[in-house]
Structure formats: structure tokens, C-alpha cells
Amino acid sequence: MLGLMQDSPLLISGLIEFAARHHHDTEIVSRRVEGDLHRTTYAQVGARARQVANALDRLGLAFSDRVGTLAWNGYRHLELYYGVSGSGRVVHTINPRLSPEQVVWIANHAEDQVLCFDMSFLPIIKAAWSKCTTVKHWIALCDADALPADTGIPGLRSYEAWIGGESEQYAWPSFDERSAAALCYTSGTTGNPKGVLYSHRSTLLHAWGIALPDSLGISARDCVLPVVPMFHVNAWGLPYAAAMTGTKLVFPGAALDGKSVYELIEAEKVTMSAGVPTVWLMLLNHLKANDLQFSTMTRTVIGGSACPPAMIKSFRDDYDVTVLHAWGMTEMSPVGTVCKLKLKHLEMDPAAQLGVLIKQGRSVFGAEMKIVDPDGRELPWDGATSGDLLVRGPWIVSSYFKGEGGDPLVDGWFPTGDVATIDPDGFLQITDRSKDVIKSGGEWISSIDVENIAVAHPAVAMAACIAIAHPKWDERPMLVVVKKPGAELSREAMLAHFEGKLAKWQVPDDVVFVEAIPLGATGKMQKNKLREQFKDYRLPGA
Ligand code: ADP
């Protein structure tokens, strides 16, 4: 016997119509590429998303056709999210930090029909357009009078001229909620990038999941500033969850330095923010250097790579901001776990609480997880045994776009490539990525543990721990360090800093100081590049 409840599809158009009706005057504030601050509301975003939908109909785009974007976080990007997906097309966010060749490869693979870009990315488009074989329409996300005359890009139009004459009325189509809504490519640290194709259903369920109090917990009383880009797994789903909950949004545009982000947080009374650790490092440096405090921000989501415990502690003890350490990946929409204390932790002293808060957190309902040994046998949740982490659930990938790479699942579970422990309370701790883990004499050394201790040293700005081949031990850890400007630090002092914090055999064999560590398009350290750079390095005594 089936239940007798209505069965309306979960569609992205429903989100923006809900926000436009119930939170019509809630603001969306954007720092534009032009430098000024732009203010709009959910009612206006809804109206202009309908104009986008009409404009796409006029171009003759079919159901499921892809519309590429190369854009910062801003209101026009948000309107595209809703106008493109809501009308049944697929919004394909491209990471503008990729090289023009990679942008071409991805746009061609996705078969983008339209490409909308911020003016700051005009040089990429100029280098790429003639090789993008499927793109028929080029749209610059600017006012009509900001469009340069002689770009050489055929048929280039400004976004405002493109949607300006369209009606603000549009009957959003109803269709199968499993239809494709958004496409995002993994950063492809190994091989070509692969497309992850989100559906309307997966996007809405994920939005519900992240809005829960023990996940990101956002509401109509919040003002959220996503530093995480809308081209990086849809800004972790915040643009959807914000419409679902009527949350005010503040978009930082291209200005991601500590000073600009801090000023925006203060001026707009931001209550929560979200981003990768490298961004918060810049913000914390700015706060320290200028002796500043936050007046409204109470929490910030940090994920994308491991957040060093020293950063979590500094946010809490020096700035009264709770870090929500979160873990996930492009293939997971992206959120899998978020770290929030349970009732029983509230009685603990601050030091013991910190021991919990540094973990990547508990599963959000909808993202099931398990850890297994190399033979696929499930391992215990004892907080000590580490194994390969697998996940499954309604917002986790089942197959890559166009079946690239074959079937990624193992008995219905997606192998994350991460190595983790899970404690009896369900708190996940990522010890490493399987390709970054250091295998020394049959034992594993967590590169994340080593890096976390290194960056707690006051002279260290950034640190990466990589495996170096060793004749006796197979691999041994080496630490690559970027010093803070003007700081003094010797190899010996760095190594001495590990004493008592790690077992002797886990301490790196050597330290190399460099000017910079290569960062990938999403702000993560590219340890594969460092491994390549130091592949012939000989450790002392090896
Ligand atoms: P990629 O970096 O492979 O392009 P993603 O941006 O999807 O792809 O990153 C996913 C990976 O980032 C995870 O598998 C994990 O290794 C790492 N990661 C994400 N969040 C965290 C975290 N909080 N702690 C440690 N690692 C993390």
C-alpha cells in the first residue's frame, strides 16, 4: 500500500519562488568586479532569474543543454543558477583559475552552448573562444555600456542587454526531479577532470541537509558570506540552502584578501562565513596585524582541506568565533560531515572540547559512511583504527558525466580516496588522502598530523609534508615550509618543535624552506607537484 501524500517534484525553481515570496525583501549584497557594492533582494533575483529563463528559451536552448559560467560570487551568477536550472537546463560552473587550455577542454567536454563570464575573465575567453567548438553564445556579465567594442569575440553581448527586454513572468516547467541541474568538474589532480552532474533532487536534499542545526545551521536570522566560490562545488550548496531558509547573502566578488573580506563582514553584519583554510589564514593575519575583532560573526565553516587545530583554537579563543570544521568533496555535493559538539561534550573543559572540534565531524543525515581495510572489510568505529573511507547517499555521485572513468562505485559505495578514523560518537577524522599518506617501514604516517603541528609554530606560514623515497624504510616524511615574512627559523628549530608532539619515527627526516607552495585552483596545496619537484631528493643519512 502506498502512502497517500502529494508527490510534487523537488525542483530548484521552487527554491527561488519560495524565497521571492516569503523573503522578498531579504537582501543579496555583492561586491562587483567594477568595485562597487550592489544590493538586490530575493524578489528581484527571482524576477531576473525568470528573465534569464525567457532569454534561454529565445536562444532555443533545449532541455538539459549546458550553460557555462566563469564567474565570481555575485548576484548575476545567482540569477543564472536559478534561471538556467529552473528552466530545465544545466548550469555548468567552470573554475576560472584553470588555464585557458583546461577551460577549453572542460567547455568542450560539457558541450556548453552558452558561456557567461565576468569581465575579469575576458583575457581567458579571448584566448579560448575560438577553440570552444560547441559554444554559440557569449555573454559578458556586465552592463551594456561596460562592454568593450573590439573584443573579437563573435556575437558577444552584455548580460543586461541579453535579459533586459525579457518578461519577468515565466511558468517554470515541471519535470522529473532526477533531471540534471548543475555540472561541476573535479579539479583533476590525477588525469583529466571528471564531471559530476547534480540533479534537482540531489541539490534540494543536500540543501535541506546542510541547513540542519547540526550541519551549517543557517536561518532567516543569518547573514552568510560565502568566500568559497560558486564555481567550487556550488559554494558548498549555500546559494540553494540560503534561498530555502531566507538567509541574507553577501558575495565578496573578486576581493578575497583579508582586509576586503573583514570590511565586508563588519559592514554587512555577517553572522557566518565559509571557505578553505588558506583564505582564513589571510583573514587571521589581517586581524592580528591590526588588532581587530568581529562584532557580529559567530561562526565560520572551514573545509576543503584539513583546518589546522591552531586555527580552530585561535578563532575560538582570540575572536570568539566557532569553527565548523566540515568535510566533503565535489562528488558529494559536497557536504558529508560537519563538526558540532553533542550534549555530552558541553560539560567538558575547553581543552577537551577542542579535541573534538578539530575533527571533521559527524555525518549529515543523507551521507552514510564506513571505513574499510585493504580487503574491503569494515573497520571498527574506535577513533584509532584508520581505513579507506567510503560513502553513499542521495547526494553522492553514482557515475561521472558521460561515464568517464567507468563505474566509480564498490558495492554501491563511493570510495573517497581519503583515509580516516571514526570514533564511537560518529566523529570522522581524516588522517590523509590515500595518495598523500607516508608509508614508512610498514607503518603509516599522517601528513596532516605533521602539517598541523608545523603550522602551529609562530614562524611558519604554510607547511606540506610529503613522502621521499628511502632505501630502508620505503618512504620517509619531509617537511616543506614557507616562513612568515621576516620570520627566522632554522631546520634544527623546526625539527625540535616536533619533540614530544609526535612519536620519533613520525618526525620528518628533513626540512626544506621554499618561497611558496603551489596551490591548486581551489586553494589547496598541490602535494603532487611538490613530490614531483623533490622526486630525486636525498634525505640525510639515506
Ligand atoms: P579535489 O581537491 O580532488 O579536486 P574536492 O575539492 O572535491 O576535490 O576535494 C575533496 C577532497 O578534499 C577530499 O576528498 C579530502 O581529501 C579533502 N578535504 C575536504 N575537506 C577536508 C577537511 N575538512 N579535512 C581534510 N581534508 C579535506
Side-chain angles (χ1 to χ4, degrees), residues 12 16 28-38 40 45 48-49 51-52 55-56 66-86 89-100 102-104 106-107 110 112-129 132 135 137-144 146-148 151 153 156-163 181-185 187 198 225-240 242 249-256 260 274-275 330 521-523:
I12 285 172
I16 194 62
I28 318 291
V29 180
S30 313
R31 193 189 296 284
R32 304 205 296 177
V33 177
E34 296 90 319
D36 61 341
L37 217 53
H38 174 274
T40 181
V45 169
R48 281 162 56 93
Q51 289 182 299
V52 169
L56 291 169
R66 269 77 66 201
V67 175
T69 65
L70 211 65
W72 298 112
N73 291 2
Y75 65 105
R76 291 179 178 128
H77 208 174
L78 189 68
E79 291 157 10
L80 285 166
Y81 264 42
Y82 286 106
V84 173
S85 303
R89 286 88 183 197
V90 176
V91 65
H92 168 211
T93 51
I94 307 178
N95 187 333
R97 298 199 182 110
L98 298 171
S99 69
Q102 289 168 313
V103 169
V104 169
I106 288 179
D112 291 335
Q113 304 282 307
V114 183
L115 214 147
C116 307
F117 62 92
D118 267 337
M119 285 306 275
S120 38
F121 306 125
L122 186 60
I124 303 181
I125 299 296
K126 278 185 172 169
W129 73 265
C132 294
V135 178
H137 310 280
W138 298 93
I139 309 289
L141 296 171
C142 64
D143 292 330
L147 196 67
T151 59
I153 300 160
L156 178 64
R157 271 192 277 177
S158 80
Y159 177 80
E160 297 302 332
W162 178 48
I163 67 165
L183 177 63
C184 184
Y185 281 72
S187 59
Y198 310 108
L225 184 149
V227 177
V228 53
M230 291 169 77
F231 54 76
H232 187 198
V233 218
N234 302 323
W236 298 346
L238 284 168
Y240 303 114
L249 281 171
V250 180
F251 290 128
L256 301 180
S260 306
T330 309
T522 52

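Just so we're clear, the structure is a prediction, and the values are computed from it rather than from any experiment.
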key: Minimum heavy-atom distance between I124 and P100, given as atom pair plus value   = CG2-CA, 4.2 Å
message = For V33 and L141: C-alpha separation, side-chain torsions, deciding distance, then whether side chain to side chain contact (heavy atoms under 4.5 Å, CB included) applies.
response = CA-CA 10 Å; V33 177; L141 296 171; over 6 Å; no
query = Between T69 and V84, is any pair of side-chain heavy atoms under 4.5 Å apart?
reply = no
key: Minimum heavy-atom distance between C184 and F231, given as atom pair plus value   = SG-O, 4.2 Å
request  = Quick one: list whatever passes side chain to side chain contact (heavy atoms under 4.5 Å, CB included) with A55, sequence neighbours left out.
outcome  = W162, I163, E166
inquiry  = Using side-chain heavy atoms (C-beta onward) and a distance below 4.5 Å, is Y159 in contact with E79?
reply    = yes
task = Over all heavy atoms of both residues, which pair between L249 and P226 is shortest? Give the atoms and the distance, please.
result = CD2-CG, 4.1 Å
key: Sequence-distant partners of R97, side chain to side chain donor-acceptor pair (under 3.5 Å), two or more places apart   = none
task = For residues Y81 and N234, determine if any side-chain heavy atom of one lies less than 4.5 Å from a side-chain heavy atom of the other.
result = yes
query = Of all heavy-atom pairs between P148 and M119, which one has the smallest distance, and what is that distance?
reply = CD-CE, 3.2 Å
For V114 against I139, the heavy-atom pair lying closest together = CG1-CG1, 3.9 Å
message = Working to the nearest 0.5 angstrom, can you tell me the gap between Y240 OH and I16 CD1?
response = 11.0 Å
key: Sequence-distant partners of E160, side chain to side chain donor-acceptor pair (under 3.5 Å), two or more places apart   = R48, R76
query = Tell me, which pairs form a side-chain hydrogen bond (donor to acceptor under 3.5 Å, both in side chains) where one or both residues lie in residues 112-124, sequence neighbours left out?
reply = W72-S120, H92-D112, Q113-K136
query = Within a strict 4.5 Å, meaning less than it, do heavy atoms of the L115 and I94 side chains meet?
reply = yes
task = Decide yes or no on side chain to side chain contact (heavy atoms under 4.5 Å, CB included) for V233 and Y198, but give the supporting numbers first.
result = CA-CA 10 Å; V233 218; Y198 310 108; 3.1 Å; yes
key: Sidechain-backbone polar pair: N73 side chain, M230 backbone, donor-acceptor under 3.5 Å   = yes
key: Side-chain touch T151/W138, heavy atoms, less than 4.5 angstrom   = no
query = Does any N or O in the side chain of S30 come within less than 3.5 Å of the main-chain N or O of G74, such that one atom is a donor and the other an acceptor?
reply = no
request  = Check L122 against I153 and note the closest heavy-atom contact, atom names and distance.
outcome  = CD1-CD1, 3.7 Å
key: side chain to side chain contact (heavy atoms under 4.5 Å, CB included) involving S260 - partner list, sequence neighbours excluded   = R31, A255, D257
key: From CA spacing to verdict: side chain to side chain contact (heavy atoms under 4.5 Å, CB included), L156, W129   = CA-CA 11 Å; L156 178 64; W129 73 265; over 6 Å; no
ask   = If we only count heavy atoms from C-beta on, is the T330 to Y185 side-chain gap below 4.5 Å?
value = no
task = List for me each residue that meets side chain to side chain donor-acceptor pair (under 3.5 Å) alongside S158, sequence neighbours excluded, and say none if there are none.
result = none
query = In Å, rounded to the nearest 0.5 Å, how long is the span from OG1 of T93 to CG of L183?
reply = 7.5 Å
